[in-house]
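This one's a predicted model, so the numbers in the text were calculated from it and none came from an experiment.
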Amino acid sequence: MKNNTSIYPFFSQKTKFIHGLDPMGIQLTSETTYATLLPGLTNLTQRYRYYSFYCWLLNEFIQKGQLTDDNSHYLSFLRKGEYLIALCSQAQFHKGESIKGISGSDYAGRVLSETTQSVNLEAGIYKEDKSTAGTYWKGTYGILATYYSGAMKSLSIINDNNFFSLVNTTEKTNDKINGLKLANAFDQNLELNAKQIFLDCIEKGEASIDELSQISTSFNLSVIPDGTEEQRLLLELITDQDKPLYKESNYFRRQTIKLMLEYIQQEELFYDRAFLDHIYFGDTVFQDLNNITLKGWYFYLFNEFWLFANTSILNALLIDLARYQEGWVPTSDIVNKNVNTICNSLGITQEMTLEDVLVLDILIEKNERQLADEIEQQNDRENSVAALLLILKLYKTNHDQLKLMNEFGQQYSLNREGNGLVYFIEELSNQKSQKFTSWCKNFINKRIIQRHQLVALRKMGLGSLTTQKFLLEDQHMRYIDNFSPFFSGPRLRVMHLFLEDLNLVEKEKLTTKGLQLLNNLM
């Protein structure tokens, strides 16, 4: 076998190696945490006004009375509406600057650059064979299904009806915000002629440049008209309880908004990493029994550092493995080489125990963020040094509150397989008397090499696609591919965009409306 291709008859399908995500299978704890703390939005929901626009668009389709078991009319209506929004976002309609955060806008921009008269909407949403590849949006069910429907369902403003996403008009919402209220509020902010032009363009499947110019202001999804019912409802929706229709629900999203507004009031620039560091390196969060949301974000960043450290060690191993051009290399050679690099760099002798290493000055001088920054700046086989220190620093910082953090994770169902808390509590705490070199070799073998193989094979299942970064056979390794160590996206950047869209934040400062909201949330 050469390059994964057999030169003799081999009665099996060739394995295909793909990049894949989360090669260590430990990102789920972080994802579960930020999804719990910021429900109702995702890392892909870039514009908050999409929520009220979709409620309006779905309601307009329902009013047409074309809702049948055949979803072709619905999909055509939805896709043309989304495509129109992308066309309306282009620079020529907004003083030379395109609106950011509008999905499908790249395609729309290319079409408009070649158009002087009108745009064929039908040609932009489907190919002649009704396929969607190469149109404004590849996903059959549009941007709504790909990015927004999940978030909107969690806020109970739309419902599912087989293949359709329908605006929620149920009376069960009582005094809560429902989709019909948002649809009507969006409608109130449309110029009468703009609304009719928009719907006429969908009906005829074509939009002239002049028509796009006339509707571009009303259908600008980056601007929620200030002081309107639409703005009030969207603000109330995002600051309400996390699950609006549940009698008992948390207020993590509201409390996160409060924390963000407080931070923006104090700092010159909002950056999600700096915001999280402000929480993590502030007062000991787990000694405050009342602020659950602070605990949640502390818990999140703890797991992020764990994720980043583990993936950095794997990255360093792969950088080293890639240098062996001859192919298969004894696993022990790669592990020993990395352990020796760590020991030589830190001045660790063969006699030193793990407990001896935990009191090294470097673990006092540098914090978790500084160690993570070193890894990002180096991006080479030396990553294993800073990554290993990051793991030990995590333990050193948090060893007195590991059980409290674990109880918190269990209480809110945040702990997932491979998380650092379980490892620290059940393994590392009982291994401090071991020789450091033995502990380090065991960690790399068990927690990095074997875990990656387990995760890759589990993802592969019975298929022919694998995310393996190396092959492992008979205690030998062979390089396949590498990746960059990473942090996940905690939705905070999107939440900040929502605050801007709601006119609560402008140019990194709180507006009058933002200050009023902060005072109300106190």
Can you pull the salt bridge (Lys or Arg N to Asp or Glu O under 4.0 Å) pairs that have at least one residue in [range], sequence neighbours excluded?
range: residues 487-510; result: R47-D501
range: residues 112-124; result: K80-E122
range: residues 147-158; result: K153-D160
range: residues 404-419; result: E417-R451, E417-R458

Set of side chain to side chain contact (heavy atoms under 4.5 Å, CB included) partners for [X], sequence neighbours left out:
X: S216; result: C88, F93, H94
X: Q265; result: L510, L515, L518
X: D242; result: P39, S249, N250, F252, R253
X: D210; result: S208, Q214

Using the six-membered ring wherever Trp is involved, compare the ring planes of [X] and [Y] and label them parallel, tilted or perpendicular (cut-offs 30° and 60°).
X: F219; Y: F53; value: perpendicular
X: F498; Y: Y48; value: parallel
X: Y136; Y: Y83; value: parallel

If you look at every heavy atom in [X] and [Y], which pair is closest and at what distance?
X: L84; Y: A207; value: CD2-CB, 3.9 Å
X: E211; Y: C201; value: OE1-SG, 3.6 Å
X: L261; Y: G514; value: CD1-O, 4.1 Å
X: I26; Y: N310; value: CD1-CB, 3.6 Å
X: L155; Y: P244; value: O-CG, 3.6 Å
X: D272; Y: P490; value: OD2-CD, 3.9 Å

Check whether any side-chain heavy atom of [X] sits under 4.5 Å from a side-chain heavy atom of [Y], and report yes or no.
X: T146; Y: Y141; value: no
X: F487; Y: R273; value: yes
X: I157; Y: C55; value: yes
X: L182; Y: N178; value: no
X: F299; Y: L421; value: yes
X: Y34; Y: N43; value: yes
X: K393; Y: R369; value: no
X: I264; Y: L504; value: no

> Between L144, L180, L166, which is the residue that forms a side-chain contact (heavy atoms from CB on, under 4.5 Å) with L58?
Replying inline: L144
> Considering the options E374, Q378, E376, which one meets the side-chain contact (heavy atoms from CB on, under 4.5 Å) requirement together with N383?
Replying inline: Q378
Does [Y] offer a backbone N or O that forms a donor-acceptor pair with the side chain of [X] under 3.5 Å?
X: T42; Y: L44; result: yes
X: S213; Y: I209; result: no
X: E206; Y: S118; result: no

Nearest-0.5 Å distance that lies between atom [atom1] in [X] and atom [atom2] in [Y]:
X: N303; Y: S30; atom1: CG; atom2: OG; answer: 5.0 Å
X: S113; Y: Q92; atom1: OG; atom2: CD; answer: 8.5 Å
X: L237; Y: K181; atom1: CG; atom2: NZ; answer: 11.0 Å
X: L389; Y: E365; atom1: CG; atom2: CD; answer: 11.0 Å
X: L190; Y: S218; atom1: CG; atom2: OG; answer: 5.0 Å
X: L235; Y: D240; atom1: CG; atom2: CG; answer: 10.5 Å

> Between the side chains of Q27 and S488, is a donor N or O closer than 3.5 angstrom to an acceptor N or O?
Replying inline: no
For the rings on [X] and [Y], is their centre-to-centre separation under 6.0 Å?
X: F486; Y: F308; answer: no
X: H278; Y: Y263; answer: yes
X: Y298; Y: F302; answer: no
X: F61; Y: W56; answer: no

With sequence neighbours left out, write down each residue that passes side-chain hydrogen bond (donor to acceptor under 3.5 Å, both in side chains) with [X], or none if nothing qualifies.
X: Y395; answer: S429, K432
X: K64; answer: E203
X: Y280; answer: E368, N398

Please output the side-chain donor-acceptor pairs of residues 223-232 that fall under 3.5 Å, not counting sequence neighbours, one pair per line with the distance.
unit_1, atom_1, unit_2, atom_2, d
D226, OD1, Q231, NE2, 2.7
D226, OD1, N503, ND2, 3.3
D226, OD2, N503, ND2, 3.2
T228, OG1, N189, ND2, 3.4
T228, OG1, P225, O, 2.7
T228, OG1, Q231, N, 3.3
E229, OE1, R232, NE, 3.0
E229, OE2, R232, NH2, 2.7
E230, OE1, R49, NE, 3.4
E230, OE1, R49, NH2, 3.1
E230, OE1, N189, ND2, 2.7
E230, OE2, R49, NE, 2.8
E230, OE2, S52, OG, 2.6
Q231, OE1, G227, N, 2.8
Q231, NE2, L502, O, 3.2
R232, NH1, E236, OE1, 2.9

Other residues, nucleotides and ligands only: do more than 12 of their heavy atoms fall within 6.0 Å of [atom1] on [X]?
X: K396; atom1: NZ; value: yes
X: L192; atom1: CG; value: no
X: E97; atom1: CD; value: no

> Only one of Y51, Y54, W137 clears ring-ring contact (aromatic ring centres under 6.0 Å, His included) with Y147; which?
Replying inline: W137
> Are R79 and Y126 in a cation-pi setup, meaning NZ or CZ lies under 6.0 angstrom from the ring centre and within 45 degrees of the ring axis?
Replying inline: yes
